[in-house]
Amino acid sequence: MSAFIEPLRMVLLADGSDWGRLLREQLAALGNPSALITAPSWEAASALFDDHPQGLLLTTPRFQPAPERCSLPVVLLLDEEPREPPLGACDWLVRDGFCADMLRRCLRHVREQVQLKLSLQRLAEQDPLTGIANRQGFQALLAARLAESGGRGLALGHLDLDNFHHANDALGHRAGDRLILQVVARLQAQLAPGDQLARLGSDEFALLIDTRRDPQRAERLAERLTEALSEPYLVDGESLLLGCSLGIAHARAGAGADPLMWHAHIAMQQAKSAQGCTFHIFDERINRSARSLADLEGELRHALRRDELELHYQPRLSLASGRIVGLEALVRWQHAERGLLGPDQFIPLAEQSGLIVPLGYWVMARALRDMQWLRGRGLPAMHMAVNLSFRQFQDSQLLSTLQRLIADRGVEARWLEFELTETAVMRRREPVQQTMHGLAQLGVRFSLDDFGTGFSSFVHLNSLPITLLKIDKSFVADMGKHGENHQLVRAMINLAHNLGLEVVAEGVEDSDQLALLRRYGCDQVQGYLISPPLPLAELVRFLMQSERQALLAEQS
């Protein structure tokens, strides 16, 4: 018997017995006279293929079902050769001259068409690099497994590689592909036969976990998976560590695929709050928290449109002159129900959602407007410091937008200062350096915020257009508690001066701290001892009073 005939279950729909007799005679000549099943209609025959998709429908035109009702390949049985290929059929047989060779060729053609269709479907649902299911294939697989189990005995894992893109950028895409293959091999080594793995994106994976025999198996598997992925990877002679975040959600009876995938995604985002390779199990409290964050994100979008944000300004004092020489712009949100919100209550959300980019531009525009307004009140020029997010560095419109804002306000760019954190400066060094030098050419200057809390390379810092280092307030606060911290702060100041940088000490709250910083040669100070952050109207009164006091001190 020919190999291409065996897997096909053939159903005949025809008037009378002539076609049945002819087909059985030729099938007998091919070695399989029992391969044909006769049915009165497609409705009666369709149930035969619920568990056997490899089938073939042979039918006369009268019984041919509509294409949307039949997924099987169709061979039309005709009395004479058609003038044009029949619609809805992959081939046809003609009564005159019908023989075994004609049937063999038809069945071979049908088999090739079926295999081609299956191959195309497999390619559409398979990740070409790893061979595992892609997002489309996994969604179909998940829906089928949930329908089969009734939503019981399954757990879904959503895995994200936290810093894969950095490794991909540093080593190149081919090395990144080899890294992904190592990740997949480690995941597959931990899975059991009832589990399934899929690649949802470049660095995202889904795991379908069989928990029918052991409801706690998903948690234990999550521990093993995160341990396996935390081990170093070797790519092109380089040893790499990848963080990962794994969210686990258990299926519930009657719930569909979409809620389950959303729950696993929420749990994965919760795992991202910790560093390293971590996992988190979804529960309803996290879901309520996620909904609350989503609501707050929507409110923040509206706040940007409705101008519900405002800037407060914290002055910086020069210890040499006793004058206010700079201001730091700090954003606040006047929330209708929660009152005045500080940046710690919404900036992390803005970073995560991408709203930090339009929010950052709003801060720049408002700070430049207020700079212009202060100069119009006769106050001396002061540096205006604005915090710049790393995400804004990645915006291709940063340079052109800033040029336009500066031109619109008619202020001198040299009075604008961007504050960057050590972490932002050290990430993706070359792009950051290019952007900083482009901004510096406009006249903008830079300060390094929270100095001492990150991981700066001093050689790298020395190559960037940084003017000031801001000592983190935690070091200033500890000066009064531990004697050795005095020397640490003094060393930071000396180091900055050796690099040709000015030093600003943050968080100065008492006169003892001020006296020590003055003795150590600190250039500027900022903190509640000088002034808390002030709205614009109060800031003007403070600056005018400070200017009068400085003038009186000079005259005495």
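Since the structure is predicted, the reported quantities are computational estimates derived from the model, not experimental observations.
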Can you list every salt bridge (charged side-chain N to carboxylate O under 4.0 Å, His left out) pair that touches residues 150-160, not counting sequence neighbours?
Asp160-Lys272

Which heavy atom of Ala267 sits nearest to which heavy atom of Phe282, and what is that distance?
CB-N, 3.8 Å

For the residue pair His312 and Gln314, confirm or rule out a side-chain donor-acceptor distance under 3.5 Å.
no

Quick one, Leu58 and Leu13 - any side-chain contact, counting heavy atoms below 4.5 Å?
no

Where is the tightest heavy-atom contact between Ile466 and Leu468, given as atom of each residue plus distance?
CG2-O, 3.3 Å

What verdict does the side-chain contact (heavy atoms from CB on, under 4.5 Å) test give for Leu469 and Val504, after you've listed the backbone C-alpha separation in whole Å, the side-chain angles of each residue and the deciding distance to 0.1 Å?
CA-CA 6 Å; Leu469 293 184; Val504 180; over 6 Å; no

Do Leu327 and Asp370 have side chains that approach each other closer than 4.5 Å (heavy atoms only, starting at C-beta)?
no

Within the structure provided, determine whether Leu56 and Leu72 are in side-chain contact (heavy-atom separation under 4.5 Å).
no

Short N-O contact, Arg217 and Asp210, less than 4.0 angstrom:
no

State the CG-CZ distance between Leu368 and Arg409, to the nearest 0.5 angstrom.
8.0 Å

Can a side-chain donor-acceptor contact be found between Glu204 and His158 if the only test is distance below 3.5 angstrom?
yes

Measuring only between side-chain heavy atoms, which start at C-beta, is Leu242 closer than 4.5 Å to Pro232?
no

Quick one: pull up CZ in Arg301 and CG in Leu355 and give me the separation to the nearest 0.5 Å.
4.0 Å

Using the rule side chain to side chain contact (heavy atoms under 4.5 Å, CB included), only one of Leu398, Ile356, Leu304 pairs with Tyr361; which is it?
Leu398

Under 4.5 Å between any side-chain heavy atoms of Pro465 and Arg445, yes or no?
no

Does a side chain donor of either Thr59 or Gln64 reach within less than 3.5 Å of an acceptor in the other side chain?
no

Smallest separation among heavy atoms of Leu142 and Ala257, with atom names
CD2-CB, 3.8 Å

Decide if atom CG of Asp258 counts as having more than 12 heavy atoms of other residues, nucleotides or ligands within a radius under 6.0 Å.
no

Output, in order, the C-alpha distance, side-chain angles, deciding distance and verdict of side-chain contact (heavy atoms from CB on, under 4.5 Å) for Trp42 and Val11.
CA-CA 9 Å; Trp42 170 244; Val11 171; 5.7 Å; no

Strictly below 4.0 Å, N to O, side chains only: are Lys470 and Glu419 in salt-bridge contact?
yes

Here the gap from Leu240 atom CG to Glu231 atom CD, rounded to the nearest 0.5 Å, amounts to 13.5 Å

Flag for Arg145-Gln196: side-chain donor and acceptor within less than 3.5 Å:
yes

Are the side chains of Gln188 and Ile132 in touch, meaning some heavy atoms are under 4.5 Å apart?
yes

Euclidean distance, Leu300 CG relative to His335 NE2, rounded to 0.5 Å:
9.0 Å

Can you tell if the side chain of Pro73 reaches within under 4.5 Å of the side chain of Leu57, non-hydrogen atoms only?
no

Checking the side chain of Gln345 only, and the main-chain atoms of Gly342 only, is there a donor and an acceptor separated by less than 3.5 Å?
yes

Say you draw a straight line from CG of Asp195 to CG of Leu207; how long is it, rounded to the nearest 0.5 Å?
8.0 Å

Between the main-chain N or O of Ala271 and the side-chain N or O of Thr278, is there a donor-acceptor pair closer than 3.5 Å?
yes

Would you call the rings of Phe346 and Trp333 parallel, tilted or perpendicular, where under 30° means parallel and over 60° means perpendicular?
perpendicular

Separation of Met268 CE from Phe279 CZ (nearest 0.5 Å)
15.5 Å

For a quick test of reading the model, state the closest non-hydrogen atom pair linking Leu159 to Cys244 and the distance between them.
CD1-CB, 3.9 Å

Please check if the side chain of Arg306 supplies one atom and the backbone of Glu308 the other of a donor-acceptor pair under 3.5 Å.
no

Gln526 and side-chain hydrogen bond (donor to acceptor under 3.5 Å, both in side chains): which single residue from Glu506, Lys473, Glu328 fits?
Glu328

Check against side-chain contact (heavy atoms from CB on, under 4.5 Å), Leu311 and Leu536
CA-CA 8 Å; Leu311 290 184; Leu536 187 61; over 6 Å; no

Any Lys/Arg nitrogen of Glu310 or Arg332 sitting under 4.0 Å from an Asp/Glu carboxylate oxygen of the other?
no

Using side-chain heavy atoms (C-beta onward) and a distance below 4.5 Å, is Leu197 in contact with Phe138?
no

All heavy atoms of Leu420 vs all of Met436, minimum pair found to be CD1-CE, 3.7 Å

Minimum heavy-atom distance between His109 and Cys90, given as atom pair plus value:
NE2-O, 3.3 Å

Under the side-chain contact (heavy atoms from CB on, under 4.5 Å) criterion, do Arg178 and Arg174 qualify, and how do the steps go?
CA-CA 6 Å; Arg178 290 193 288 274; Arg174 289 186 179 180; 4.1 Å; yes

Residue pairs, two or more places apart or on separate chains, that pass ring pair (Phe, Tyr, Trp, His ring centres under 6.0 Å) and touch residues 217-255
none

Under the criterion side chain to side chain contact (heavy atoms under 4.5 Å, CB included), which of Asn387, Leu388, Val331 is the partner of Val363?
Val331

For Gly137, does its backbone N or O pair with a side-chain atom of Asn134 as donor and acceptor, under 3.5 Å?
yes

Using a cut-off of 6.0 Å, state whether more than 12 heavy atoms not belonging to Arg224 lie near its atom CZ.
yes

Counting distance only, does the side-chain N/O of Gln126 pair as donor-acceptor with the main-chain N or O of Gly131 below 3.5 Å?
yes

Assess the residue pair Asp408 and Arg369 against the criterion (salt bridge (charged side-chain N to carboxylate O under 4.0 Å, His left out)); give the C-alpha distance rounded to whole Å, side-chain angles, the decisive distance to 0.1 Å, and a yes or no.
CA-CA 9 Å; Asp408 288 346; Arg369 186 202 72 174; over 6 Å; no

Of all residues at least two apart in sequence or in a different chain, which pass the salt bridge (Lys or Arg N to Asp or Glu O under 4.0 Å) check with Asp307?
Arg366

